[in-house]
Amino acid sequence: MKSFYITTAIDYVNGSPHLGHAYEKVLTDVIARFRRQRGDRVHFLTGTDEHGQKVQASARRLGIEPQQFADQISGEFRALLTRLNISNDDFIRTTEERHKRVVREVLQGLFDRGEIYQAEYRGFYSTRQEQFLQEKDRLPDGSWPEIFGDVTEITETNYFFKLAAYQEWLITFLNEHEDFIFPRYRQKQVLEFLKEPLNDLCISRPRERLEWGIPLPFDPAYVTYVWFDALINYYSAVADQPGLWPATYHVIGKDILVPPHAVYWPIMLKAAGLALPGGIIVHGWWMTGGTKMSKSTGNALNPLDLVDEFGVDAFRYFLIREMNLGQDSDFTREQFLVRYNSELANSLGNLVNRTLNMTTRFAAGVLPAATISEPLEQELQALWTKTRDESLTLNEGFQFHTALERTMTFLNATNAYIEKRAPWKLGKSTEARDQELLRTSLATMAEALRLAVALMQHVTPATTEKINAVLGYTPGAVWSEELAWGTKLDGAKVAESLVLFPRPAPASKPA
Ligand code: MSP
């Protein structure tokens, strides 16, 4: 069986992790967990991008070695993975020998094939972006945009990769693989970008200017340009594990699609004679007050604090429920609380409470079998079948937010079913038929709950596990077999209660 190999971008270690990094990890984790549930052999890679001028400068400012600085921040990123319950199989650091060795091999291979050449370059250089600029980068008034910081004109000898030679090949490739980039409209943007002629890519930096990098194997007076180094992580991490390359998907943010992932990377692979990944999944940005969230924004509120305050699954749920993959989303605590209260505490939390309370009260804590099937039960079961089938298709198409919405609709319908059956009234009656209806309603609500949380498992794994445990239920090994409405819970002994999503304490008034 071909592996499902999925990666995130590797994060720069020049600043601590923030919401943007957290989202990408959670999103990729949701895809990885979903594919595992579907039976794929998943390999999930994430890591840190540790070379370059900014890291060198940050370390210098603190008076420590770049490696020490990188160790520290990379550790923070690794800790974030644990905190977010991310199921990655590997974590790669670009300062590891296994990575550097493969970068050297790829570079040497390209050099030997004549894909890399030396030339004199005169141009405008942005220290902040660590790149040479082009005339088209200037603003209409001739100045350089703010994002480039200080721009100076320099002449230096460097090494270049023959990017331009592959422009036509890349255009043809993208036209032949319309689904290479998700969402599709992003692929159109890449083709738009490719209407302008490409320049060859400068892939070296003189060591006197930048020491903190991987020396070129064929000229140690230079180090490798950061993107050339970083992109290769996807391959270097698995180069010695047969059957994993090519990656099935790379998950990245929209800011690093063009040109690095959509232009440099496919061309690098093609020129190196390596297979191309199956696709690139491009997410949007978390915004605050109209700007992209970064380590310097959102100082008043660190969204990652919500993990401690409300639990990891509430945080994961919010990110996936709120963001329509590909588009931008505003992050506010208010919106977080709306989803938390109405969907997790009300729709899901109430159903859990009712199921446990009523089973304890009316059936001595043992789930009875359903023996009646009237339109109320039939409608709920029919809604389940529809919810399940649609959700599977939606999840396969990366529409996780809509799949969760459907699951919430199903949970609400289950709560409405309980209102209609009113087991608390049936419990007061000694009529045989009422008793039968009572048992049926208890079995029905419990089964609906079991099914709904199975469908949310890739988003809220710990919650699904907890709910299964209080339902006295151990799921089988094959996830898809868990999704059929049936009698799996008959006779299960439930717990008396479970506090899942407690109401937040009222907000304290600002001092
Ligand atoms: N090191 C490069 C990637 C190299 S991949 C071979 C890099 N690092 S980064 O730390 O700046 O960004 C890592 C990922 O986080 C990127 O995919 C980026 O889009 C994502 N995000 C950073 N801020 C973001 C938001 N505010 N919202 C969502 N994701 C954004 O780029």
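Both ligands and their constituent atoms are indexed starting at 1 by order of listing.
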Enumerated ligand 1 atoms positioned under 4.0 Å from heavy atoms of [X]:
{"X": "I252", "result": "17 (O)"}
{"X": "A230", "result": "6 (C)"}
{"X": "D49", "result": "1 (N), 2 (C), 4 (C)"}

Which residue and non-hydrogen atom of the protein lie closest to [atom], and at what distance in Å?
{"atom": "atom 10 (O) of ligand 1", "result": "H21 NE2, 2.9 Å"}
{"atom": "atom 29 (N) of ligand 1", "result": "H283 CE1, 3.2 Å"}
{"atom": "atom 27 (N) of ligand 1", "result": "W286 N, 2.9 Å"}
{"atom": "atom 14 (C) of ligand 1", "result": "E24 OE1, 3.4 Å"}

Looking at [Y] and [X], is any side-chain nitrogen of the basic one under 4.0 Å from a carboxylate oxygen of the acidic one?
{"X": "D11", "Y": "K25", "answer": "yes"}
{"X": "R36", "Y": "D40", "answer": "no"}
{"X": "D71", "Y": "R78", "answer": "no"}
{"X": "K162", "Y": "E115", "answer": "no"}
{"X": "E343", "Y": "R339", "answer": "yes"}
{"X": "E192", "Y": "K188", "answer": "no"}
{"X": "D90", "Y": "R98", "answer": "yes"}
{"X": "E156", "Y": "R209", "answer": "yes"}

Below 3.5 angstrom, do we get any N/O pair linking [X] and ligand 1?
{"X": "I10", "answer": "yes"}
{"X": "Y234", "answer": "no"}
{"X": "Y12", "answer": "yes"}

Can you figure out which of [options] has its heavy atom closest to [atom]?
{"atom": "atom 26 (N) of ligand 1", "options": "H51, M293, M287, H18", "value": "M293"}
{"atom": "atom 18 (C) of ligand 1", "options": "T288, D255, N233", "value": "D255"}
{"atom": "atom 24 (C) of ligand 1", "options": "G20, G47, G15, S329", "value": "G20"}
{"atom": "atom 28 (C) of ligand 1", "options": "G284, G253, S294", "value": "G284"}

Exercise. Just do the side chain to side chain contact (heavy atoms under 4.5 Å, CB included) check on S143 and R138 with the steps written out, would you?
Key: CA-CA 6 Å; S143 66; R138 285 187 198 267; over 6 Å; no
Exercise. Tell me which part of D11 gets within contact of ligand 1: side chain, backbone, both or neither, using heavy atoms under 4.0 Å.
Key: both
Quiz prompt | Trace of the side chain to side chain donor-acceptor pair (under 3.5 Å) decision for H51 with D229 | solution = CA-CA 8 Å; H51 291 122; D229 166 351; 2.6 Å; yes
